[in-house]
J.: 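Handing you a structure now.
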Amino acid sequence: ASFLLLASRVRADEKRLLDAFERRGMRYEYLDSRTAWSPLHQDARERRLVLNREIGHARALYAARALEAAGHVVVNSAAATDVCGDKWQTSVALRAAGLPTPRTALGLTPEAALEALEAIGYPAVVKPLVGSWGRLVTPVPDRRTAETVMEYIAALPSPQSHIVYAQEMIAKPDRDIRAIVVGGELLGTVHRRGEQWRTNVARGATTEAFEPSADIVKLALAAAEAVGADIAGVDLIEDADGRPLVLEVNDGVEFSGFQRAVGDRVDVADRIAEFLMTRAQS
Ligand code: ADP
Ligand code: ZN
Ligand code: MG
C-alpha cells in the first residue's frame with residue numbers, strides 16, 4: 001500500500017508523522033492541499049490510504065469527500081470530519097450514543113437563541129457551530145449580555161453564523177481534559193490548565209498527563225466511536241460534582257502539547273502510523 005499525507009503546511013506534528021512513516025519504512029507522499037485538485041471523471045490508479053491533516057474545516061471536509069469519491073480511503077473519513085467539524089452534529093451524535101454532555105440548544109435565529117438561553121439558564125456559553133482553538137467561544141453571564149452578544153451575531157455576514165449553539169456553562173475546576181484515541185484505543189489523557197477560562201493549548205494552556213478513571217476511559221472511547229473518528233481528540237470537562245462530561249470531539253488532532261506531557265510513555269505519531277498500516281491491510 002502507499003500512503004498520502006494531506007496538509008496545507010508541514011508543521012511540527014506533520015514532521016513527526018512523516019518521521020514515523022520513514023522509521024516504519026512506509027511508502028508515502030506529501031500532498032499540499034493548497035495546490036491539490038481532483039478530477040471527477042477519473043478514478044485513482046492505485047487505492048491509497050490518506051491521512052487528512054488539513055486544518056481548515058471546509059477544505060478538510062471537501063478533500064476527504066473528493067479523495068473518497070476517487071476511491072481512496074481517508075482517515076478520518078469524510079463522514080466523521082463532517083460530524084466533528086460541526087458542534088451541533090457532534091452534540092447530536094453524543095446524545096444518540098447516550099453519553100453525558102452539557103445541556104445544549106440550537107437557536108435558528110439570534111432571537112430564538114435568547115429564548116433558548118432563558119431555558120438553559122445563566123451563566124451560559126455561546127459557540128460558533130464551526131470553529132476551534134476556542135475562537136469566539138463566548139461566556140454569557142446574564143440576559144443583558146446575551147442580548148448584546150445576539151446583536152453582534154445578527155450583524156455577522158454569513159447566514160450560518162446566525163444559527164446559534166448555546167450551552168450551559170459548567171462550573172468546572174481550573175482545568176479540563178483532553179484524551180487522544182487512535183483506532184479505538186486510548187493513547188492517554190492530559191489535564192489542560194490555563195490562566196484563561198478557555199483552556200485550549202492554542203491559548204497557552206499547559207498540559208499534564210494523568211491516570212484516567214475507568215469512567216473517563218470509557219467515555220473517551222465511546223465519544224470517538226459515536227462520531228466515527230479513527231483519530232480523535234476528545235475534550236471532556238468535570239462538573240461541580242466531579243462527573244465527567246464530553247464537550248466535543250476533534251478530528252484534526254494537534255498533539256504537540258499532549259506529546260510533551262506524556263513524554264516517552266506514548267509516541268502519538270508512531271501510533272497513528274501503526275494504525276494506518278493496519279487499516280491498509282484490511
Ligand atoms: P473549540 O472547538 O474552539 O476548542 P470547545 O467547545 O472545546 O471549542 O470550547 C473551548 C474551551 O472553552 C473548552 O476547552 C473549555 O475550556 C471552555 N468551555 C467550552 N464550553 C464550556 C462549557 N459549557 N462550560 C465550561 N467551559 C467551557
Ligand atoms: Zn474543537
Ligand atoms: Mg475544544
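Whatever order the structure lists them in is the order used to number ligands and atoms, beginning at 1.
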J.: Do we see a donor-acceptor contact under 3.5 Å between the side chains of Thr145 and Asp142?
T.: yes
J.: I'd like to know if Glu46 pairs up with Arg27 as an ion pair, taking the criterion as any Lys NZ or Arg NE/NH1/NH2 lying under 4.0 Å from an Asp or Glu carboxylate oxygen.
T.: yes
J.: Would you say the side chains of Thr81 and Asn76 form a donor-acceptor pair under 3.5 Å?
T.: no
J.: Are the charged groups of Arg175 and Glu238 less than 4.0 angstrom apart, N to O?
T.: yes
J.: Considering only non-hydrogen protein atoms, determine which one is nearest to atom 2 (O) of ligand 1 and report residue, atom name and distance to 0.1 Å.
T.: Lys87 NZ, 2.7 Å
J.: Under 4.0 Å from a heavy atom of Val125: which atoms of ligand 1 are those, numbered in the order shown and with their elements?
T.: 22 (C), 23 (N)
J.: Would you mind checking which non-hydrogen protein atom is closest to atom 23 (N) of ligand 1, with the distance to 0.1 Å?
T.: Glu168 O, 2.9 Å
J.: Give me the nearest non-hydrogen protein atom to atom 27 (C) of ligand 1 as residue plus atom name, then the distance to 0.1 Å.
T.: Trp197 CZ2, 3.8 Å
J.: Should the pair Asp235-Arg192 be classified as a salt bridge under the 4.0 Å nitrogen-to-oxygen rule?
T.: yes
J.: Between Trp133 and ligand 1, which part of the residue brings a heavy atom under 4.0 Å of the ligand: side chain, backbone, both or neither?
T.: backbone
J.: Taking 4.0 angstrom as the limit and counting only heavy atoms of Gly131, give me the atoms of ligand 1 inside it, by number and element.
T.: 2 (O)
J.: Would you call Asp241 and Arg243 a salt bridge, taking side-chain N to carboxylate O under 4.0 Å as the test?
T.: no
J.: Applying side chain to side chain donor-acceptor pair (under 3.5 Å) to Arg193 and Thr206, what does each step give before you reach the verdict?
T.: CA-CA 5 Å; Arg193 202 172 260 114; Thr206 56; 6.0 Å; no
J.: Heavy atom to atom 15 (C) of ligand 1, shortest distance: which of Lys172, Arg203, Arg135, Arg198 holds it?
T.: Lys172
J.: Report yes if some N/O of Thr199 lies less than 3.5 Å from some N/O of ligand 1; otherwise report no.
T.: yes
J.: Please tell me if the side chains of Glu147 and Leu114 come closer than 4.5 Å, counting only heavy atoms from C-beta onward.
T.: yes
J.: When you measure from atom 24 (N) of ligand 1 to every protein heavy atom, which one gives the shortest distance, and what is it?
T.: Ile170 N, 2.9 Å
J.: If I only include protein atoms of type N, O or S, how many are less than 2.8 Å from the Zn ion (ligand 2)?
T.: 3
J.: Salt-bridged, Arg16 to Asp270, with N to O below 4.0 Å?
T.: no
J.: Out of all atoms in ligand 1, which are within 4.0 Å of some heavy atom of Asp235? Include the element for each.
T.: 7 (O)
J.: Salt bridge or not between Arg11 and Glu254? Use side-chain N to carboxylate O under 4.0 Å.
T.: yes
J.: Between Arg59 and Glu54, is there a salt bridge with N-O shorter than 4.0 Å?
T.: yes
J.: Could you give the distance from CZ (Arg271) to CG (Leu276), rounded to the nearest 0.5 Å?
T.: 12.5 Å
J.: Pick whichever of Val137, Thr104, Asp176, Asn200 has a heavy atom sitting closest to atom 11 (C) of ligand 1.
T.: Asn200
J.: Identify the closest protein heavy atom to atom 1 (P) of ligand 1: which residue and atom is it, and at what distance?
T.: Glu248 OE2, 3.4 Å
J.: Is the closest side-chain donor-acceptor distance between Ser38 and Tyr62 under 3.5 Å?
T.: no
J.: When you check the side-chain N and O atoms of Tyr28 and Glu22, is any donor under 3.5 Å from an acceptor?
T.: yes
J.: In ligand 1, which numbered atoms sit nearer than 4.0 Å to a non-hydrogen atom of Gly134?
T.: 1 (P), 3 (O), 4 (O)
J.: Apply the test salt bridge (charged side-chain N to carboxylate O under 4.0 Å, His left out) to residues Asp19 and Arg23: give CA-CA distance (whole Å), side-chain angles for both, the deciding distance (0.1 Å), then the verdict.
T.: CA-CA 6 Å; Asp19 288 345; Arg23 278 199 307 274; 5.3 Å; no
J.: Where is the nearest protein heavy atom to atom 19 (C) of ligand 1: which residue, which atom, and how far?
T.: Lys127 NZ, 3.4 Å
J.: Are Lys87 and Glu248 close enough for a salt bridge, meaning some N to O gap below 4.0 Å?
T.: yes
J.: Which atoms from ligand 1 have a heavy atom of Arg192 less than 4.0 Å away?
T.: 14 (O)
J.: Counting C-beta onward and ignoring hydrogens, is there a side-chain heavy-atom pair between Pro100 and Leu219 closer than 4.5 Å?
T.: yes
J.: May I ask you to list the protein N, O or S atoms found at less than 2.8 Å from the Mg ion (ligand 3)?
T.: Asp235 OD2, Glu248 OE2
